[in-house]
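Down below is the structure, laid out as structure tokens.
Worth saying up front: this structure is predicted, and the values here are computed from it rather than measured. Chain A is the first sequence line, chain B the second, and so forth, proteins listed ahead of strands; every chain is numbered from 1.
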Amino acid sequence: MNRLKDSIGGSAAKIFETAIATLREIFDEAAYARFLERAGMASSSKAYAAFRREFEEAKIRRPKCC
Amino acid sequence: MAGFVHNAALVRNAMHKPLRILAWATVALLGAVAVAAVALHRGEPINALWLVMAATCCYALAYRFYSKFIAAKILALDGLRATPAERLENGRDFLVTNKWVVFGHHFAAIAGPGPLVGPVLAAQFGYLPGTMWVLAGAVFAGCVQDFVILLFSVRRDGKSLTEMAKDEIGPVGGFVAYLAVIAILTILLGVVALIVVNALKSSPWATFTIAMTMPVALLMGVYLRRIRPGKVLEVSALGFVLVLTAIWGGQYVSQNPALARVFTFSAPTLAILIMVYGFAASALPVWLLLAPRDYLSTFVKLGTIGLLAVGIVALHPTLHMPALTRFVDGTGPVFAGKIFPFAFITIACGAISGFHALISSGTTPKMIACETETRMVGYGAMMCESAVAIMAIIAACVMEPGVYFAINSPAGIVGQAPATAAATISAWGFPVTAPQMAALAHAVGEQTLYNRTGGAPAFAVGMAHIFSHSLGGETLMALWYHFAIMFEALFILTILDAGTRVARFMVQDALSHVYKPMGRTSWYPSILVTSALIVAMWGYFLWQGVKDPLGGINSLWPLFGISNQLLATVALCVATTIIIKLHRARYAAVTLAPLAWLVAVTFTASWQKIFDASPRVGFLAQARALEAAPATSETARLIFNNRLDAAVTGVLVVMVTLVLFESVREWLGILLGTKEARLKESPFVRTRLAMEEQG
């Protein structure tokens with residue numbers, strides 16, 4: 001019974017983690033985290049401005065469906 | 001030990017097989033019963049859950065069997081082949097990503113207002129044609145297109161549809177695909193802008209709410225930049241709360257005569273404001289406004305789609321629209337034309353949309369970690385999009401048909417005065433009264449709901465109808481209505497600014513071949529000229545729609561549908577060519593059948609839109625009718641617009657005929673052995689990801 005509970009709890013946690021990861025990707029939070037890692041910067045107003053500059057060029061070329 | 005484990009798994013599998021067969025047989029049986037109930041039921045209204053059950057079973061069966069067949073027999077998905085995300089990983093565009101994350105990302109990119117608006121408009125035929133097309137179209141055409149184009153792009157380092165068309169079919173294919181994308185973007189932007197105009201005109205509450213999204217977005221921008229850099233989810237939730245407050249506050253604006261006057265605009269004024277917005281969004285560095293609005297729009301979009309899905313299942317409303325209406329004969333007031341071909345171009349995104357091929361060959365292929373995941377992402381995400389279209393059909397059909405037609409019929413058909421409009425619609429066999437419409441308009445906080453063409457107001461009334469029956473009752477009807485209007489308008493404005501910029505980049509790329517500096521995306525003269533050109537192009541269609549006595553949607557939505565489905569034709573030509581080059585011609589029917597269907601639909605629709613003798617259907621017939629009628633100050637321009645629409649339709653058809661011709665020549669050459677089947681795939685590289693996982 002406990003194993004079943006653990007298994008259900010584990011699955012729920014995994015689903016929640018995936019949902020958050022998906023939202024972070026859709027809302028570009030993950031892209032910002034990757035940018036910080038790549039640039040070796042800590043999150044700051046300046047770092048975010050640099051990220052937006054780099055990111056905008058690629059993002060605005062992406063079509064959005066009707 | 002490994003052998004023992006393997007054998008145990010085989011035994012377990014064998015034991016489960018009868019159970020699996022039984023489970024799938026049950027799903028098939030339930031699906032057949034539900035589809036039969038939807039298709040054959042006449043007379044009494046049916047419950048929306050029949051549509052939900054039919055859709056769920058069809059999607060489950062199609063995914064389990066049809067997509068698996070395509071994956072195994074035609075595409076031969078290879079889990080050992082490294083994807084561009086792995087080989088070219090750069091932490092920016094190319095990135096190995098969890099399959100569920102890619103799925104969500106892809107769905108968020110393909111889901112737009114199309115699957116909501118198209119089915120609402122097509123509901124004039126009844127709930128049956130739209131439902132059947134959404135289910136069959138998605139399963140056999142739309143999902144297949146998205147899936148195969150995604151996989152073929154993955155095998156070509158994430159190349160775009162235009163590049164693949166050029167490589168696999170020839171330069172004509174590439175050029176036509178490029179022109180088709182520009183055409184579809186232009187017409188699309190004009191049509192969606194018209195939908196916003198029709199939703200906001202003479203509505204101070206809705207206009208106030210949308211106006212408020214600008215300061216909210218600016219606030220979000222400052223928060224993102226200065227207070228909590230990069231915390232987009234957090235600030236989107238905050239922005240959502242602020243927008244809800246604006247919706248709530250809108251009722252006080254509409255009740256205050258002085259404030260209401262400030263936020264009351266006519267359709268032409270709104271059209272001009274939207275064109276100015278589109279130009280500013282494309283030409284000015286306004287990310288502080290646009291990026292947060294984009295996030296806010298996505299947040300609201302995903303939330304509303306989820307809410308609507310839960311609402312429909314939990315509240316299972318009754319559909320009042322009959323299965324088929326008298327307008328299957330082509331005399332419909334929403335748009336003219338018979339079921340075939342017009343139902344199939346009116347509903348694009350929920351069944352098959354050429355635009356999806358751009359997404360499937362855009363960002364998504366660069367994120368796929370393993371080839372086998374393309375099935376879930378490509379085929380699966382399109383199934384979800386199709387489910388959104390089913391929800392839109394339900395939202396449109398829960399209304400009394402008389403109310404639906406009163407909202408969606410242009411004044412040119414039913415008359416300006418409420419009593420005349422109600423009498424005309426009632427005479428069609430769909431009873432509605434002027435006091436009933438006045439009460440409904442009052443309940444949703446509008447002055448009138450007549451002649452609100454475009455689909456958005458009808459969807460908003462349907463959605464408000466569904467929710468207000470359990471959540472808040474009639475008192476919250478107005479809030480739900482304006483929430484739905486805000487959701488659609490915000491969504492569409494985001495598409496307008498993103499679409500204008502994408503088209504601007506494409507035109508800049510093309511002009512760089514004529515004059516190099518024009519290709520520099522940071523050169524201001526180039527930005528201003530190309531932005532103005534793009535806005536002038538879609539602005540012309542918008543203006544034409546605003547001034548059209550038949551509401552604009554009658555002319556422009558079919559034009560948009562034709563251009564979108566023609567792009568799908570190009571995508572399916574590319575897919576069929578690659579399948580034949582892969583020496584799997586015996587399975588080519590998988591893409592050839594939807595291609596043949598789309599060619600039949602789009603060519604028939606184009607022919608009728610240009611040459612049909614009825615002025616409500618044929619552009620040229622309407623121009624002739626206008627010439628014969630007493631001239632007004634508008635007549636000359638209306639005649640020109642109709643001829644222009646006929647010419648645009650003709651050019652689109654000629655372009656796609658060229659691609660078809662080139663493709664067929666390529667297929668015959670390969671099949672007859674006169675041409676070598678040369679694929680432009682990236683070379684096979686064995687994945688390291690699977691090996692890393694194993695060892």
With a 4.5 angstrom heavy-atom cut-off, could you sort out which part of [X] is near chain B: side chain, backbone, both or neither?
X	value
A:A49	both
A:F27	both
A:E37	neither

Quiz item: Counting N and O atoms only, with roles assigned by atom type, does the side chain of A:S45 sit under 3.5 Å from a partner on the main chain of B:R225, one being a donor and the other an acceptor?
Solution: yes
Exercise. Using atom types as modelled and distance alone, determine if a side-chain donor or acceptor of A:E25 lies under 3.5 Å from a backbone N or O of B:H105.
Key: no
Exercise. May I ask you to test the A:T22-B:F103 pair for a side-chain heavy-atom distance under 4.5 Å?
Key: no
Quiz prompt | Check: A:R34 and B:L95 side chains under 4.5 Å, non-hydrogen atoms | solution = yes
Quiz item: Quick one: CG on A:L23 to OG on B:S236, what's the gap to the nearest 0.5 Å?
Solution: 9.5 Å
Quiz item: Roughly how far apart are B:W100 CH2 and A:E17 CD, rounded to 0.5 Å?
Solution: 15.0 Å
Quiz item: Considering only heavy atoms, which portion of B:L302 lies under 4.5 Å from any heavy atom of chain A: side chain, backbone, both, or neither?
Solution: side chain
Practice problem: Could you tell me which portion of B:Q508 (side chain, backbone, both or neither) has an atom closer than 4.5 angstrom to a non-hydrogen atom of chain A? | Solution: neither
Quiz item: A:Y48 and B:P229: which non-hydrogen atoms are nearest, and at how many Å?
Solution: CB-CB, 3.8 Å
Quiz item: Can you name the nearest heavy-atom pair linking B:G104 to A:I26, along with the distance?
Solution: O-CD1, 3.6 Å
